[in-house]
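Bear in mind the structure is a predicted one, so any value in this text is a computation, not a measurement. Order of the sequence lines sets the chain letters (A, B, ...), proteins ahead of strands, with each chain counted from 1.
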Number of protein chains: 2
Amino acid sequence: MPAALISRGEVLDHLTEAFRVHGFEGASIARLSEATGLGKASLYHYFHGGKQEMARAVVAHLGESFQRLVLAPLRTSGDPAQRLNAMILGVDQFYDRGEAACIVDLFGIGGAGEMFREPLAGAVKAFTDAVAGVVAETGLPADLARRRAEDAFVALQGALVVARATGDRTVFKRTLSEIPGRLLAAA
Amino acid sequence: MPAALISRGEVLDHLTEAFRVHGFEGASIARLSEATGLGKASLYHYFHGGKQEMARAVVAHLGESFQRLVLAPLRTSGDPAQRLNAMILGVDQFYDRGEAACIVDLFGIGGAGEMFREPLAGAVKAFTDAVAGVVAETGLPADLARRRAEDAFVALQGALVVARATGDRTVFKRTLSEIPGRLLAAA
DNA sequence: GTCTATAAGCAGATAGAC
DNA sequence: GTCTATCTGCTTATAGAC
């Protein structure tokens, strides 16, 4: 039983990076092989289901990071404003300060769309539910809290698209910094 | 000189639709052939530069629609609020009520990214410039007007991503309806 | 667990008949 | 201007040695 040259976690990190840069269709097996440093056949050893399974694993992997970095801070016990600020820090890290595309956007396009609609829509709902909950704690009506949480996610996604298109991450930085204030503003 | 079975404008409409659904990499020549009803060789007769030129033509074609539907209403002489409302109607039509993806998002991904960065970043700038101009007419400081115009474009893009991911265009509709108010709110 | 070599099919693109 | 047939290279995926 020879040892693996690279851990499964590391393989997933490299795959994630490659999918985030090239999208599902653009991430060829050759590119994924190069990104991981593994031969094609080794990749198929890890993922019998081929590219589709690699993408599934990446979605699951990112889901865990999202839980840890973005959702977990919202569930702590503390001041709502502080928890939202902590969430924003997690978002900044999760998207590598605006450098990394969101898989919800990438995999919403083309063939990958049908395949991953459910888990990705689930992530959107998990985020808006959690944020709306924190906002509602401050005494705002539940429906207003929900709309604001949706707006926050929309702003997040839009800022990533604009940052990528213009090559300027300033918009991402500013958008993130303004989200807590918009969420908690007086009704 | 036999007549063409389909006008160049119609060909471009079908190509645009296909690129918007599948993205650049996902839109194979076979799919583009099927979408237009033309054989592969006929497509190459229209576009000697191949798929790249088809994509360029689609970007130019969408640029014209964007000018006509979104930017032109901003340049009319009239009440700023009315002009912004007219712009929003154009946006709603341009994106087919949230059904159609934005090329700024689609072509910002993968290999197409490098190729179209300039015209797409230009479109972002044209929009924010025009909107900021109208907002500034109402007496708001220029830098605030600019930030709000950026926020409007960010919200637009984000709403499209979320609508596509969740399959629910309600967010798009609501986001659009709130943009004029956010742009013109008292400082 | 990793590799080289290779299969089978699809990609973009072209030739040449009509 | 359109088509069928075809070329070349890249794609996903597998076989089998080490």
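Spacing between atom CG of Leu15(B) and atom P of dG12(C) amounts to 13 Å, rounded to whole angstrom units. Counting to the nearest Å, the P atom of dT2(D) and the CD atom of Glu10(B) are 11 Å from each other. The separation between His45(A) atom NE2 and dT2(C) atom C1' is 9 Å, rounded to whole Å. Atom CZ of Phe47(A) is separated from atom P of dT12(D) by 15 Å (rounded to the nearest Å). Whole-Å rounding puts the Lys51(A) NZ to dT11(D) P distance at 9 Å. Taking atom NE2 of residue His22(B) and atom P of nucleotide dA11(C), one finds them 11 Å apart after rounding to whole Å. dT11(D) atom P lies 10 Å from atom CD of Glu25(B), rounded to whole Å. Separating the CG atom of Leu43(A) from the P atom of dT2(C) is a distance of 9 Å, rounded to the nearest angstrom.
Contact annotation: Tyr44(A) does not reach the phosphate of dT14(D) (side-chain N/O to OP1 or OP2, under 4.0 Å). Between Tyr46(B) and dT2(D) there is a side-chain N or O to OP1 or OP2 distance below 4.0 Å.
Considering only side-chain atoms of Lys40(A), the nucleotide from dA13(C), dT12(D), dT2(D) that sits closest is dT12(D). Considering only side-chain atoms of Ala41(A), the nucleotide from dA13(C), dT2(D), dC3(C) that sits closest is dC3(C).
Between His14(B) and the choices Leu32(B), Leu38(B), Ile6(B), the side chain to side chain contact (heavy atoms under 4.5 Å, CB included) rule is met once, by Ile6(B). Of the residues Val171(A), Leu89(A), Val91(A), the one that meets the side chain to side chain contact (heavy atoms under 4.5 Å, CB included) test with Leu176(A) is Val91(A).
In this structure, Arg20(B) satisfies the cation-pi test against Phe94(B), with its NZ or CZ atom closer than 6.0 Å to the six-membered ring centre and inside 45 degrees of the ring normal. Remark: Lys51(A) is not positioned above the aromatic ring of Phe19(A), lacking an NZ or CZ atom under 6.0 angstrom from the ring centre and at most 45 degrees off the axis.
Residue Ser42(A) is in base contact, counting any heavy-atom pair closer than 4.0 Å across all strands shown.
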